[in-house]
Amino acid sequence: MPKTNEEVEELLGEWAELQQITGRDPYRVRAYEKAARSIGGYSKDLRELDDKGILAIPNVGKNMLGRIREYLDTGTMHELEDLREMVPAGMRELLRIPGLGPKKAILVYEQLGVTNLAELAAAAEANKLRDIKGLGAKTEESLLRGIRNYTAQEERIMVDQALQAADRIIATLSETCTFDEIAYAGSLRRMRETIGDIDILVAASEAEPIMDAFASMARVREVKAKGATKTTIVTRQGLQVDLRVVPYEAWGAALVYFTGSKAHNIKVREIAVKKGLKLSEYGLFHAKDGSIIAARTEEEVYEALGLPWIPPTMREDRGEVEAALAGTLPTPVDMTRDAVLEQRKKLKTLQKRYPKMTILHGCELNIAKDGTVDYDPEFLAGFDVLVASVHSYFRLSAEEQTARLIAAIENPLVNVIGHPSGRMIGRRPPIDMDFGAVCAAAIRTGTALEVNSFPDRLDLRDDHVRWAVEAGVTLSVDTDAHAPKHMDNIRFGIATAQRGWATKADVLNTRALKQLQEFVARKRKHA
DNA sequence: GCCGTTTTCGGCCCGACTGTTTTCAGTCG
């Protein structure tokens, strides 16, 4: 990003804040914020643009052009300088305190003469804030907490730390609650380089038990807010985590909303408004009669607005919406392929070191709603064996699920269907499907069905195993290990296979290497 | 202050939660 653009972004941002504090029209303030962001994210250097070029930047009009020109010529913006003179230097910092916006900042300035953080803290500690009309004891306490947190420098954390924390919270909730979907959203999903707070989104029919479980986690230090569908906590490490529970039907709209960025959301909602629609976390609706258009998935919401699905990592209102509208949104790099090839290289090295052992390179693929899997056939052919599994869309009709699974089974490169029913014991029911038809397709195509050994899956379960064995399906008893210690789970998978009367002959991974390779090769001949 | 295929004037995203109020303003994301 050109340096000049960053400088102008910073100045216009400061200008917007100073105007907030002086009580200017909020729409004007927003116009400055929007212009600042547009300029900051613009790929061309302001210094190399003529007037027409500068006016082509979104949210930059004649007034902004004048200020930009003044800055480029003189290195200052005189109106901003004047505004700085008018506003005490410490006032901007007040806005950094959570719960303190421009209105309260003006109030404490006018009533108590507070012009900086230290004075605000002193006033709060002397219980002077509670006497101001419109504020109260609770506001005073909450601001005092906010000041302490702020001065304790609860900084943004690194993205990998945030991811770890989010994963732990999701694991805790998964152990104790029933829900349909769970995901982290916010700046973490956008993978910003640092994360201020973590957003967790859950789809469930009942919010209350999840809110309760969330608020009572061992790592919670403080519950900042707790309502019907939204709870905010602060962890012992000082990390703020927001939880929002939405209906399953609104998952996609909620994910868009909760992922942000805020600026991206505003831009997308403006498109909705122009089309006579209304977009909220509950869905995309007709503005007139409130009838729903899309909400279940992100793809459906974007599509209904005339946009392709925009990757979360690009949702910063840096021109991605305009590019999406124009059909010029690039498909960003997907490092996954490189990582896969890197892994294959490592395996080759290991193979050389252990020549007596044959190392196979496998991969678990995701089965999409329509039964397709990740990657193109050419790339997939580079693996020795492939598992494909369902990880989403658990509520499709029996017809849709059956067709979806059969489509994956008929893929010549797919050798095993992982955890075919998708159930999580005590947490998620199995998907609805015609198991007989799935078995028939597996036999016809030479595809194995998995007996997943994870204690909370055991999928296929025992009676399905027995049915499959009697039909003549080949099984694959797998650990689904995500760590070495999970290898021990194999005993549960074997026991489940035994309970379904499976013999050694029914199980693919009891066979000799050559037989396994033949199993794969036979199916690939049909590719 | 910016913007426009209903507009050059009159709009400007939307809803949850809190606290201080007796129906709503402020803040947040």
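Below, chains carry the letters A, B, ... as their sequence lines are ordered, and counting in each starts from 1. Source: prediction; values computed, not measured.
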Please determine if a side-chain N or O atom of [X] lies less than 4.0 Å away from the OP1 or OP2 oxygen of [N].
X: A:Thr229; N: B:dG15; result: no
X: A:Tyr32; N: B:dG1; result: yes
X: A:Lys274; N: B:dC12; result: no

Show me, pair by pair, the donor-acceptor contacts under 3.5 angstrom made by side chains of residues 179-188 of chain A, not counting sequence neighbours?
{"residue": "A:Asp180", "atom": "OD1", "partner": "A:Arg395", "partner atom": "NH2", "Å": "3.0"}
{"residue": "A:Asp180", "atom": "OD2", "partner": "A:Arg395", "partner atom": "NH2", "Å": "2.4"}
{"residue": "A:Glu181", "atom": "OE2", "partner": "A:Arg296", "partner atom": "NH2", "Å": "3.0"}

message: Can you list everything that forms a salt bridge (charged side-chain N to carboxylate O under 4.0 Å, His left out) with A:Arg269? Sequence neighbours excluded, please.
response: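 Counting only residues at least two positions away or on another chain, A:Arg269 forms no salt bridge (charged side-chain N to carboxylate O under 4.0 Å, His left out).
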
field: Residues that A:Glu81 engages under salt bridge (charged side-chain N to carboxylate O under 4.0 Å, His left out), provided they are two or more places apart
entry: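 Partners of A:Glu81 under the salt bridge (charged side-chain N to carboxylate O under 4.0 Å, His left out) test: A:Arg84.
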
Taking distance alone, no hydrogens or angles, what donor-acceptor pairs closer than 3.5 Å link side-chain atoms of residues 86-110 of chain A to residues at least two apart or in another chain?
{"residue": "A:Arg92", "atom": "NE", "partner": "A:Glu17", "partner atom": "OE1", "Å": "2.7"}
{"residue": "A:Arg92", "atom": "NH2", "partner": "A:Glu17", "partner atom": "OE1", "Å": "3.3"}
{"residue": "A:Glu93", "atom": "OE2", "partner": "A:Tyr150", "partner atom": "OH", "Å": "3.1"}
{"residue": "A:Arg96", "atom": "NH2", "partner": "A:Glu17", "partner atom": "OE1", "Å": "2.9"}
{"residue": "A:Arg96", "atom": "NH2", "partner": "A:Glu17", "partner atom": "OE2", "Å": "2.2"}
{"residue": "A:Lys104", "atom": "NZ", "partner": "A:Gly99", "partner atom": "O", "Å": "3.4"}

task: Could you name each residue pair satisfying ring pair (Phe, Tyr, Trp, His ring centres under 6.0 Å) that touches residues 273-301 of chain A, not counting sequence neighbours?
output: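 Every candidate ring pair (Phe, Tyr, Trp, His ring centres under 6.0 Å) pair involving residues 273-301 of chain A fails, so no pair, neighbours aside, qualifies.
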
Which part of the nucleic acid, if any, lies within contact of [X], taking any heavy atom under 4.0 Å across all strands shown: a base, the sugar-phosphate backbone alone, or nothing?
X: A:Phe258; value: nothing
X: A:Ala228; value: sugar-phosphate
X: A:Val273; value: sugar-phosphate

message: Please pick, from B:dC17, B:dG15, B:dC13, the nucleotide with the shortest atom-to-atom distance to any side-chain atom of A:Arg269.
response: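 It is B:dC13.
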
Closest to the A:Tyr257 side chain, choosing from B:dC12, B:dG29, B:dC2: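 Per side-chain heavy atoms of A:Tyr257, the pick is B:dG29.
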
Indicate every side-chain donor-acceptor pair of residues 57-65 of chain A with a distance under 3.5 Å to a residue at least two apart or in another chain.
{"residue": "A:Asn59", "atom": "ND2", "partner": "A:Ser38", "partner atom": "OG", "Å": "3.0"}

field: d(NZ, A:Lys62; C1', B:dC2) in whole Å
entry: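 To the nearest whole Å, that distance equals 12 Å.
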
query: For every nucleotide of nucleotides 20-27 of chain B, 5' to 3': is a protein heavy atom under 4.0 Å from its base (B), only from its sugar-phosphate (S), or from neither (-)?
result: SS----SS

- prompt: Contacts to DNA chain B from residues 73-96 of chain A, heavy-atom cutoff under 4.0 Å, which residues?
  reply: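 Residues of residues 73-96 of chain A that come under 4.0 Å of DNA chain B do not exist, since none gets that close.
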
query: Among residues 11-22 of chain A, which residues get a heavy atom nearer than 4.0 Å to DNA chain B?
result: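 Heavy-atom cutoff 4.0 Å gives no residues at all.
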
field: Base orientation of B:dT7, syn vs anti, 90° cut from 0
entry: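 For B:dT7, whose glycosidic angle is within 90° of 0, the conformation is syn.
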
task: Please identify each residue that fulfils ring pair (Phe, Tyr, Trp, His ring centres under 6.0 Å) with A:Tyr32, with sequence neighbours left out.
output: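 In terms of ring pair (Phe, Tyr, Trp, His ring centres under 6.0 Å), with neighbours along the sequence ignored, A:Tyr32 is linked to A:Trp15.
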
field: Counterpart residues, ring pair (Phe, Tyr, Trp, His ring centres under 6.0 Å), relative to A:Trp251 (two or more places apart)
entry: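 Checked A:Trp251 against ring pair (Phe, Tyr, Trp, His ring centres under 6.0 Å); zero matches.
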
- prompt: Nearest nucleotide by nearest heavy atom, which residue falls closer to the 5' end of DNA chain B, A:Asp242 or A:Arg30?
  reply: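 Nearest-nucleotide comparison on DNA chain B picks A:Arg30.
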
Going by atom type alone, with no hydrogens or angles, which donor-acceptor pairs under 3.5 Å involve a side-chain atom of residues 201-211 of chain A and a protein atom two or more places apart or on another chain?
none

